[in-house]
Amino acid sequence: MTPKWELVSLPRWEMTAYWILSFSSHLYSFYQLHRFSKEHEVSLDREVQLERGFLIWGFKKDPTDFEWSFWNEWAWQSLLWSLIGHAVVSRLAAFFLPQFRLAVLTVYGILSAGWLLGVRGLTLLMLHLSISLVVAQLRSPILSWFCSLLLLSTLNVTAFQDLQRGWYTSEDQYYLLLFSTAVCTLRCISFSLELCWCPRKAGGPNHCPPLEVQGLKTLIFQFYKLTAYCFYHPLFYNGPILTYRDFSEQIDRPVCKVSVVYVLSGILRVCVWWCLAEFMIHFMYMHAIQSNETYLEMLPPWALGGLALALVQFFYVKYLVLFGVVSLLVRLDGIEPPKLPRCVSIMYSFTGMWRHFDVGLYKWLIRYIYVPLGGSRHGVFRKLVSTALAFGFVCFWHGCHDYLQYWALLNWIGVLVENVLALFFSSRPLHHIIVRCLSPRMQRRGLALISALSTAFLILSNLLFLGGIHVGRIFWKRLFVQGGFGVTQAESC
């Protein structure tokens, strides 16, 4: 049996000192980044065309984070209103047609998708669903995976991209279809594998029937279930990911009554997060700076650390907004959504980052890749392979660009090293020595010191994902090679 470490509380004065040090270093580094942004505002405006600010008087706004600008534009244009429409339709259906509520929500989801994506986009998604369902009738997880990966790979084929771009008058409409199709593929994989493993729960018998009357009815019912799952409107465009098992177990439950106070408090929280995200891109032009290597080389050490923290913190707040809106609507439908992301400033391990940031995607990877391939129950080698393939799939799903490959590899190595160190320090001889020589409080301080190195590489990994190879290379050179490592550690305490 592996020895357990005793977790104890540190003195209150010590924890207070750590919090003050962390908070003040965050603020100071953000201030230095703000100063750099204002000093180079004219040149940045000339290069990226800063927008006129509206949240802070006299400030301009950095619009160069594609994802934030993209979803903001779509929200005000149509998505916000279609989500409100979903909430209204769901409540009316629950009151007047409770037994047909899922059917009503499915029709609403299809109509909303057709309204935004057009007939061709909707047809493409229906084609993906149909192919996935037909292959799943063979009850072979391997074939279902092969089919899904083949469909997913079409998103990166230039000929298909050009064809789909020709369906729309703007690039944003194409990207909305691209994001919808990518998320829809995860749901198709979930449904197909659940159908292979447990046919009755996915709406089918335990064997594969011929396409006669009964078999055709079963196939139609399965297609209805798959369509209801994939076109559930709040989760349709950007997630968070909910497995088919969790969705099917909750969607037919009676809708519970929700107080007006709960709804208004949820809306208020989302508004506060949105204002915080907007404040950050008014106060610091971090995305415009990180896109230019010259500015990255010019940044003073504290401003460079502030840029790293600002990028990952903005990413966190952004997904609080994106997932927060959806989670509120999902709860109104009686479904428990995945937990919202945990603050990245309190993340100190690769494992924790994966478990607590995108919880829905983490559970999806565990259920459909990690556990079926053996996970931690079939030896070290199977665990390494399972973890590697999980990271490999995430890289492939995001587009498999070169910087994503480095990011996935760094994450896999990070998780591997953390597990090896955990086994090493938990080995009986070393554990016995540590317990005898160090008090529980010193053990915790020692763990924090070791975790500081993991935190630094975790930040580097996130910068690779958010900014690309050039950002990761410059941060590696300036923080690790040239000696700015201490600044980052002070800020991430």
*Asks:* Ring centres of Trp145 and Phe393 under 6.0 Å apart?
*Replies:* yes
*Asks:* Using 30° and 60° as the class limits, which term best fits the ring planes of Phe30 and His26: parallel, tilted or perpendicular?
*Replies:* perpendicular
*Asks:* side-chain contact (heavy atoms from CB on, under 4.5 Å), that's the test. Do Leu129 and Cys188 meet it? Break it down for me.
*Replies:* CA-CA 7 Å; Leu129 267 63; Cys188 287; 3.8 Å; yes
*Asks:* Quick one: which of Lys61, Gln290, Glu41 gives a side-chain hydrogen bond (donor to acceptor under 3.5 Å, both in side chains) with Tyr285?
*Replies:* Glu41
*Asks:* Angle class for the His401/Tyr403 ring planes (parallel below 30°, perpendicular above 60°, tilted otherwise)?
*Replies:*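 Parallel: the ring planes of His401 and Tyr403 meet at under 30°.
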*Asks:* Just say parallel, tilted or perpendicular for the rings of Phe221 and Tyr224, cut-offs at 30° and 60°.
*Replies:* tilted
*Asks:* Determine, stepwise, if the pair Tyr368 / Glu194 fulfils side chain to side chain donor-acceptor pair (under 3.5 Å).
*Replies:* CA-CA 9 Å; Tyr368 300 118; Glu194 296 292 348; 2.8 Å; yes
*Asks:* Mind telling me whether Tyr229 and Phe247 have parallel, tilted or perpendicular rings, with 30° and 60° as the class edges?
*Replies:*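 Because their plane-to-plane angle lies in the 30° to 60° range, the rings of Phe247 and Tyr229 count as tilted.
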*Asks:* Taking only residues two or more places apart in sequence or in another chain, which ones pass ring pair (Phe, Tyr, Trp, His ring centres under 6.0 Å) with His356?
*Replies:* none
*Asks:* Would you call Lys60 and Glu51 a salt bridge, using N to O less than 4.0 angstrom?
*Replies:* no
*Asks:* Determine whether the aromatic ring centres of Trp354 and Tyr362 lie less than 6.0 Å apart.
*Replies:*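 Centroid distance Trp354-Tyr362: not below 6.0 Å, so no.
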*Asks:* Would you say the side chain of Ser69 lies within less than 4.5 Å of the side chain of Glu73, judging by non-hydrogen atoms?
*Replies:*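 They are not in contact (no side-chain heavy atoms under 4.5 Å apart), so the answer is no.
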*Asks:* Determine whether Glu336 and Asp246 make a side-chain contact, defined as any pair of heavy atoms from C-beta on separated by less than 4.5 Å.
*Replies:* no
*Asks:* Give a yes or no on whether a salt bridge exists between Asp65 and Lys318, defined as a side-chain N under 4.0 angstrom from a carboxylate O.
*Replies:*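 A salt bridge links Asp65 with Lys318.
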*Asks:* Verify the ring-centre separation between Phe231 and Phe236: is it less than 6.0 angstrom?
*Replies:*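 So the answer is yes for these two rings.
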*Asks:* For Phe191 and Tyr244, take the angle between the two ring planes, folded into 0 to 90°, and tell me which bin it lands in: parallel under 30, tilted 30 to 60, perpendicular over 60.
*Replies:* perpendicular
